[in-house]
A.B. asks: 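Handing you this structure, nothing more for now.
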Number of protein chains: 2
Amino acid sequence: MLSQKAKYALKAMIALATQEEGNLLQAADIAERQNVPRKFLELILLDLRKHGLVRSQRGKFGGYALAKPADAITFGQIIRIMDGPLAPIPCASLTGYRRCADCRDEKSCAVRRTMREVRDAAAAILDGTTIADALGAGAHEARAALGA
Amino acid sequence: MLSQKAKYALKAMIALATQEEGNLLQAADIAERQNVPRKFLELILLDLRKHGLVRSQRGKFGGYALAKPADAITFGQIIRIMDGPLAPIPCASLTGYRRCADCRDEKSCAVRRTMREVRDAAAAILDGTTIADALGAGAHEARAALGA
DNA sequence: TTTTTGTCGATCAAATTAGTAGTGTTTTAG
DNA sequence: CTAAAACACTACTAATTTGATCGACAAAAA
C-alpha cells in the first residue's frame with residue numbers, strides 16, 4: 001500500500017511542476033490546493049529536500065520548487081523516499097534486500113520468485129513515469145501507446 | 001507490502017499442493033516444514049477454509065488439504081483474502097474501491113492513473129500465477145517464455 | 001474414553017501511520 | 001532595526017495494524 005505520505009508527496013511534486021521555472025510555491029498554498037494537512041506536508045517537503053528532489057527558500061516570500069526538471073523525477077524515486085522499497089517483500093527487493101527469517105531455500109522459493117516479478121513490473125511503471133508525464137492528463141498513455 | 005500472514009498463507013498452500021490427492025497435512029507439519037508459528041498458521045488456515053480454498057478434517061489424523069486443484073488457485077486469490085485489494089491505493093482498486101478523501105478530481109488524477117497501471121500489472125501476474133505454477137521451480141518462467 | 005487435532009475467542013506487545021504542536025531560524029519589507 | 005512571514009526541526013501522541021500467543025472447546029478415531 002502507498003502511504004498517505006507518499007501520495008501527498010506525489011501530489012506536491014506535481015503541484016510544484018505546474019509552476020514555471022524559478023517560481024516558488026509555499027507549503028500553505030500546496031496544502032490548500034491539494035487538500036493536505038499543512039504541517040504534515042512541511043515534513044514531507046523537508047524530506048524531499050533532504051533527498052535533493054526539491055529546493056527551498058526560507059523567509060518571507062520563501063517556498064519550494066523542484067530541484068530538477070520534472071522529466072528527471074520519477075514516481076519511483078519519490079515513493080522509495082517516502083515508503084521504502086517497491087518490492088512487496090524484502091527478499092524480492094533490489095534496493096532494500098533482506099532475507100526472510102523463515103526461508104529455507106531462497107533459490108527455490110516460488111513466493112520470492114513471483115514477488116520479484118511483481119516488483120519488476122511495478123518498478124518498470126513507476127521508474128518510467130515522471131512528474132512531467134503526470135502533468136498532462138493522458139500524456140503517459142499516449143507515450144505508452146507509442147511504445148516509448 | 002505483503003504481510004507475513006499472506007506470505008505464510010502462500011507457503012502453506014504450496015505445501016498442501018505437494019501432497020497427493022486426498023492426503024491431509026496437519027497444521028503442525030506445515031508449521032514445522034515452512035518455519036511458521038503454529039498457532040498463527042492455524043488462524044490462517046481457518047481463514048483460507050472459510051474462503052473455500054482449503055478443506056479440513058478434525059480429530060486424530062485430521063488435517064488440511066486443498067479444496068480445489070492447485071491450478072485453480074491463484075496467488076491473487078490468496079493475497080486478496082489475507083491482505084485485501086492488490087491496488088497500492090484504494091481509489092485504484094477494482095475489488096475494494098474507495099474514493100480518496102482529499103481528491104478534487106478523480107478523473108484527472110495522475111497518481112490514481114499510475115497506481116491503476118501498477119495494480120493492473122500486479123494483478124496480471126498474481127492472478128496469472130497458480131499454486132501449481134509455484135510447485136515446479138522455473139515452471140512459471142517456462143510458461144512465461146512460451147508466451148502462455 | 002483418551003488422545004489428537006481443528007475451531008474459535010480473547011488478549012497483547014510492538015511497530016507503523018498519520019498526524020499535531022511548538023520552538024527556532026531565515027529572510028524581507030518597511 | 002524590527003516585525004511578519006516563511007521554512008526547519010524536534011517531540012509528542014492517538015489510533016490502527018501486525019504478528020503473534022493462550023486457553024477453552026469440539027470432533028473424530030483408536
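Lettering of chains follows the sequences in order, A, B, ..., and the numbering in each one begins at 1.
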A.B. asks: Show your reasoning for whether side-chain contact (heavy atoms from CB on, under 4.5 Å) applies to I89(B) and R98(B).
C.D. replies: CA-CA 9 Å; I89(B) 198 172; R98(B) 262 176 33 232; over 6 Å; no
A.B. asks: Let me confirm one number: the CG-CD1 distance from L16(B) to I14(B), rounded to the nearest 0.5 Å.
C.D. replies: 10.0 Å
A.B. asks: Among R113(A), R112(A), R99(A), R116(A), exactly one meets salt bridge (charged side-chain N to carboxylate O under 4.0 Å, His left out) together with E106(A). Which residue is that?
C.D. replies: R112(A)
A.B. asks: Under 3.5 Å, side chain of R104(A) to main-chain N/O of C109(A), donor-acceptor pair present?
C.D. replies: no
A.B. asks: Any pair with a residue in residues 43-99 of chain B that passes ring pair (Phe, Tyr, Trp, His ring centres under 6.0 Å), sequence neighbours left out, goes on the list, sorted by first then second residue, please.
C.D. replies: none
A.B. asks: Taking any atom under 4.0 angstrom from a heavy atom of chain A, which nucleotides of DNA chain D are the first and last to qualify, 5' to 3'?
C.D. replies: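 So the outermost contacting nucleotides come out as dA5(D) to dT10(D).
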A.B. asks: Within residues 9-32 of chain B, find the residues that approach DNA chain C with a heavy atom at under 4.0 Å, and present them sorted by residue number.
C.D. replies: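 Output list: Q26(B), A27(B).
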A.B. asks: Respond yes when some side-chain nitrogen or oxygen of K50(B) is under 4.0 Å from OP1 or OP2 of dT7(C), and no when none is.
C.D. replies: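 So the side chain of K50(B) is outside the cut-off, no N or O lying under 4.0 Å from OP1 or OP2 of dT7(C).
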A.B. asks: What heavy-atom pair brings P88(A) and V118(A) nearest, and what distance separates the two atoms?
C.D. replies: CG-CG1, 3.8 Å
A.B. asks: Looking at dT5(C), I'd like to know if its phosphate oxygens (OP1 or OP2) sit under 4.0 Å from a side-chain N or O belonging to S56(B).
C.D. replies: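 It does not, given that no N or O in the side chain of S56(B) lies less than 4.0 Å from OP1 or OP2 of dT5(C).
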A.B. asks: Which nucleotides of nucleotides 22-30 of chain C have their base under 4.0 Å from a protein heavy atom (B), which only their sugar-phosphate (S), and which neither (-), written as one string 5' to 3'?
C.D. replies: B--BBBSS-
A.B. asks: Tabulated below should be each protein N or O lying under 3.5 Å from an N or O of nucleotides 15-19 of chain C; please produce it.
C.D. replies:
| from | atom 1 | to | atom 2 | distance (Å) |
| --- | --- | --- | --- | --- |
| dA18(C) | OP2 | Q4(A) | N | 3.2 |
| dG19(C) | OP2 | Q4(A) | NE2 | 3.4 |
| dG19(C) | OP2 | Y8(A) | OH | 3.0 |

A.B. asks: Thinking salt bridges, do D127(A) and R80(A) make one under a 4.0 Å N-O criterion?
C.D. replies: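 Salt bridge flag = yes for R80(A) with D127(A).
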A.B. asks: Below 4.5 Å, heavy atoms only, C-beta onward: do T18(A) and R33(A) meet side chain to side chain?
C.D. replies: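 Yes; the side chains approach each other to less than 4.5 Å.
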A.B. asks: Quick one: side chains of residues 35-43 of chain A, donor-acceptor pairs under 3.5 Å with protein atoms, not counting sequence neighbours, listed by atom name and distance.
C.D. replies:
| from | atom 1 | to | atom 2 | distance (Å) |
| --- | --- | --- | --- | --- |
| R38(A) | NE | E42(A) | OE2 | 3.4 |

A.B. asks: Using distance alone, with no hydrogens and no angle criterion, decide if D71(A) and T130(A) have a side-chain donor and acceptor under 3.5 Å apart.
C.D. replies: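 Their side chains do not contain a donor-acceptor pair, so the 3.5 Å distance test is not met.
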A.B. asks: Would you confirm whether K11(B), through its side chain, and Q34(B), through its main-chain N or O, come within 3.5 Å as a donor-acceptor pair?
C.D. replies: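 Pair found, side chain donor or acceptor close to backbone of Q34(B).
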A.B. asks: Starting from the C-alpha separation in whole Å, work towards a yes-or-no answer on side-chain contact (heavy atoms from CB on, under 4.5 Å) for L126(A) and Q77(A).
C.D. replies: CA-CA 8 Å; L126(A) 296 172; Q77(A) 290 167 42; over 6 Å; no
A.B. asks: Which heavy atom in K68(A) sits nearest to a heavy atom in I73(A), and how many Å separate them?
C.D. replies: O-CD1, 3.8 Å
